[in-house]
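Structure first, then comments.
The sequence lines fix the lettering, A, B, ..., with proteins before strands; numbering per chain opens at 1. For the numbers below, each heavy atom of this structure counts, side chains included, while hydrogens, waters and symmetry mates do not.
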Amino acid sequence: MEKTVNQKAWFLVLPVLFLVAFSAVLPLMTVVNYAFQDTFGNNQFFWAGLSWFSDLLHSDRMWSALGRQMVFSIIILAIEVPLGIFVALNMPKKGFWASFCLVTMSLPLLIPWNVVGTIWQIFGRVDIGLLGYTLDKLGIPYNYTQEFYAAWATVIVMDVWHWTSLVALLAYAGLQSIPDAYYQAAKIDQASRWKVFRFIELPKIMGVMMIAILLRFMDSFMIYTEPFVVTGGGPGNSTTFLSIDLVKMALGQFDLGPAAAFSLMYFLVIMLISWVFYTIMTNLEKREGA
Amino acid sequence: MADQSPSQIAPRSFALPRIKGRVVVMTLYLLFLLLPIYWLLNMSLKTNTEILNTFTLWPRNLTFANYATILTDPSWYMGYVNSMIYVVMNTAISVAVALPAAYAFSRYSFMGDKHLFFWLLTNRMAPPAVFALPFFQLYSSIGLFDTHIAVALAHCLFNVPLAVWILEGFMRGVPKEIDETAYIDGYSFGRFFIKIFIPLIASGVGVAAFFCFMFSWVELLLSRTLTSVDAKPIAATMTRTVGASGIDWGVLAAAGVLTILPGALVIYFVRNYIAKGFALGRV
C-alpha cells in the first residue's frame with residue numbers, strides 16, 4: 001500500500017515511544033553505566049574504562065557459554081523448522097479436527113515457562129516420571145542431573161515439545177493462503193508431491209518461515225527459565241546458557257561491572273543477528289508486494 | 001482465514017492412503033504434546049504416597065486434596081489473582097498504546113519511521129536477563145517494587161512492540177479508501193478511529209490482546225525479580241512446594257495444571273485466528 005508522508009503521525013507514535021523509552025532505554029542506561037565502572041560498595045563508583053570488556057573477551061566462561069548457546073540454537077532450529085513444516089503439511093485443512101489440532105498444538109505455548117520446566121523435570125525422573133521410568137525399564141541409562149548427554153537431550157526435547165507448534169502454526173497459516181489454482185496447475189503438469197512442495201509451497205511460505213526462524217532463534221538465544229528449572233545449568237556447566245550465566249553473575253554474585261559488560265555484548269549480538277533477519281524479511285515482503 | 005471461499009479448500013488429491021499417513025503423523029505429534037501434560041494431570045490427582053511408592057498410569061485412589069489445598073489457602077490462590085491482575089493490566093496498556101502507533105506505521109510514512117519500527121522490534125528481542133537487575137533498581141527507586149503495575153510496565157518491554165507488529169499487519173489489510181471516505185463524510189480522526197476503524201480490525205485487536213496475555217502469563221524471570229510478597233505471581237509461588245520434608249509433588253502438579261487452564265480457556269476464543277496471529281497478521 002502506498003503511504004502518505006505525514007510528519008504529524010509522530011504524535012500517534014509518542015505514547016509507545018515514551019512507554020518503551022521508560023522500560024527499555026532507562027534501564028539500559030544503568031547497564032551502560034555499570035559496564036564502565038567499578039565499585040567497592042557504599043555506592044562509590046570508579047571509572048573502569050574498557051577493562052570489563054577486555055576481561056570478558058579473554059574469559060573462558062563467556063566463550064564457552066556463547067559456544068553452548070550457539071550449538072543449542074542451531075540444533076533447535078535444525079529440528080524444529082523441518083518438523084514444524086512437516087506437521088503443518090499434515091494438518092487437516094478445515095472442520096472440527098483442524099480446530100482441535102490448532103487448540104491442542106497451542107497448548108504448550110501457553111504454559112508458564114517454569115511450569116514447562118517442572119513438567120519435564122517430573123516427566124524425566126527415573127522414579128516418578130513416565131519418560132524416565134520407561135527408559136530405565138528398557139535398560140537405557142538416563143539421568144538428566146548427572147549425565148551430559150541426558151541433560152542435553154532433555155533440554156532439547158523439551159524445547160522441541162514447547163516450540164515446534166509455533167513453527168507449525170506459522171507454516172500452516174502460510175499454506176492456507178495458497179490459492180487452489182496453484183495446486184490444480186501442478187496437477188495438470190503431473191508434478192510430484194516433492195515438486196509441489198519445492199516449487200509451490202516452499203516459496204509461498206518463505207515469508208512466514210522467516211518470521212518463525214527469527215522468533216525461534218531469538219527466543220532460544222535468550223532461553224532461561226526452562227533449562228534452569230530442569231537442570232539448573234548442570235551437570236557442571238554443561239547446560240549453562242548465556243542467560244543463565246548472566247543471571248548467576250548479576251543477581252547471584254552481584255558482579256555488576258562484568259555482568260553489565262556481558263549484557264551489552266549479549267544485546268549487541270542479538271541486535272546484529274535480528275537486523276540481518278529483519279533485512280532479509282523486509283526484502284522478501286517487498287519482492288512479494290512488487 | 002476463517003472465511004475461506006469453497007474453491008480454496010476443495011479437496012486436492014485426497015486419496016485414501018495419504019489421509020491415513022496424515023492421521024498417523026498428527027496422532028503421533030499430538031500424543032507427543034499431550035503425554036507430558038497428561039502425566040502432570042495424572043500426578044495432581046494422586047496422593048503423595050501413591051506418587052512415590054507405586055508407579056501407576058492412572059490414579060488408583062482418585063483424590064482432589066491437592067486442588068483443595070491450593071484453592072483454600074490464600075497464600076496459594078493469591079498467586080493466581082496477582083498473576084491475573086498484572087497480566088490484564090499489561091494487556092490493556094499494551095493494546096491501548098499500540099493501536100494509534102500501529103495506525104501511524106500502517107498508513108503514513110514519516111521521518112525515521114523505519115528505524116523506529118526496527119528499534120521497537122529490538123526490544124522484543126531483548127533478553128529479559130539483561131533487564132532483570134536494572135528493572136529491579138529502577139522500580140525500587142521509584143517505590144513501585146512488589147506492585148502489580150511494576151510487573152505490568154516491565155512486561156510492556158516485549159509486549160508493546162509485539163502488539164504494534166501484529167496490529168500493523170492487520171491494519172495493512174484494511175483498504176485506505178475507508179479512511180478517506182470517512183474523512184470526506186466529516187468524521188474527525190478520533191471518532192473515525194473508535195467508531196469505524198477499531199470495529200473493522202476487531203479480530204486483530206483480539207489476537208494482539210491474546211498474544212500480550214500469553215507472553216505476560218508465561219514470563220517468570222522479570223515478574224519474579226520485581227515482586228516479593230504482595231504481587232508474587234503463581235509461577236513463583238510454586239517453588240513453595242519444596243519444604244523440609246522434600247517436595248510436595250501432588251500439590252506442585254496441581255498448581256501446574258491450574259496454570260495451564262487460563263491459557264486453554266482464552267485459546268478457545270481465538271482458535272480461528274491463532275494461525276494468522278502467530279504469523280503476526282502477515283499472511
Side-chain angles (χ1 to χ4, degrees), chain A residues 1 3-7 9-10 12-13 15-16 19-20 23-24 26-27 30-31 87 90 93-94 99 102-104 106 108 110-115 118-119 123 128 130 133 166 169-170 172-174 176-177 180 183 208 211 218 222 224-225 243 246-247 250-251 263 266-267 270-271 274 278, chain B residues 1 7-10 12 22 25-26 29-30 33 36 39-40 51 55 97 100-101 103-104 107-111 118 122-123 125-127 129-135 137-138 153-154 156-157 160 164 172 176 214 217-218 220-221 235 256 259-260 263-264 267 271 274-276 278-280 283:
Chain A
M1 189 190 304
K3 294 179 187 173
T4 0
V5 179
N6 183 352
Q7 302 299 347
W10 261 103
L12 296 172
V13 190
V16 164
L19 190 64
V20 179
S23 61
L26 220 59
T30 337
V31 177
V87 168
N90 282 293
K93 293 275 177 288
K94 58 159 185 168
S99 299
L102 282 174
V103 172
T104 319
S106 319
L110 282 149
I111 301 175
W113 294 343
N114 72 316
V115 179
T118 309
I119 287 176
F123 200 56
I128 57 171
L130 186 61
Y133 186 84
L166 175 74
L169 288 171
L170 282 165
Y172 177 74
Q176 290 280 51
S177 68
D180 204 44
Y183 292 109
V208 269
I211 300 178
M218 294 313 142
M222 50 202 193
Y224 170 78
T225 317
S243 277
L246 178 58
V247 172
L251 296 174
S263 299
Y266 192 3
F267 200 27
I270 288 202
M271 284 256 282
S274 24
Y278 181 75
Chain B
M1 188 129 307
S7 69
Q8 264 172 293
I9 41 174
R12 47 166 214 270
R22 273 164 186 261
V25 170
M26 284 320 288
Y29 183 64
L30 293 185
L33 292 184
W39 197 249
L40 193 74
I51 293 170
F55 190 83
V97 299
Y103 182 80
R107 287 294 190 266
Y108 303 117
S109 70
F110 45 94
M111 206 168 48
F118 178 69
T122 58
N123 290 306
M125 310 307 177
V130 168
F131 286 90
L133 182 68
F135 271 167
Q137 291 177 326
L138 174 66
L153 284 176
C156 283
L157 172 70
V160 168
V164 172
R172 237 195 247 178
K176 218 175 163 186
M214 164 180 158
W217 178 253
V218 297
L220 177 73
L221 180 59
T259 61
I260 302 177
I267 220 170
R271 65 190 180 286
I274 300 170
K276 188 173 181 190
F278 275 112
L280 306 170
V283 175

Between [options], which residue shows the highest count of heavy-atom pairs closer than 4.5 Å to chain A?
options: Leu33(B), Ile260(B), Val218(B), Leu138(B); value: Val218(B)
options: Leu153(B), Leu40(B), Leu30(B), Thr259(B); value: Thr259(B)
options: Pro127(B), Cys156(B), Ala132(B), Pro134(B); value: Pro127(B)
options: Phe118(B), Trp217(B), Tyr103(B), Trp39(B); value: Trp39(B)
options: Asn123(B), Leu220(B), Val130(B), Thr122(B); value: Val130(B)
options: Gly263(B), Ser109(B), Ala104(B); value: Ser109(B)

Contacts of type side-chain hydrogen bond (donor to acceptor under 3.5 Å, both in side chains), residue Tyr29(B), not counting sequence neighbours: Ser165(A)
Count the heavy-atom pairs under 4.5 Å between each of [options] and chain B, then report the option with the highest count.
options: Thr30(A), Thr118(A), Val13(A), Val31(A); value: Val13(A)
options: Ile119(A), Ile270(A), Leu246(A), Val16(A); value: Val16(A)
options: Val247(A), Leu26(A), Leu19(A); value: Leu19(A)

Give, for atom OH of Tyr133(A) and atom CD1 of Ile128(A), the distance between the pair rounded to the nearest 0.5 Å.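 Going from the OH atom of Tyr133(A) to the CD1 atom of Ile128(A) covers 12.5 Å.
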Could you check whether any side-chain heavy atom of [X] comes within less than 4.5 Å of a side-chain heavy atom of [Y], counting everything from C-beta outward?
X: Val87(A); Y: Met26(B); answer: yes
X: Ser243(A); Y: Tyr266(A); answer: yes
X: Phe123(A); Y: Leu130(A); answer: yes
X: Phe131(B); Y: Ser263(A); answer: no

Using non-hydrogen atoms only, which part of Ala264(B) is less than 4.5 Å away from chain A: side chain, backbone, both, or neither? both
N/O donor-acceptor pair under 3.5 Å between Trp10(A) side chain and Met111(B) backbone: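 A pair under 3.5 Å: yes.
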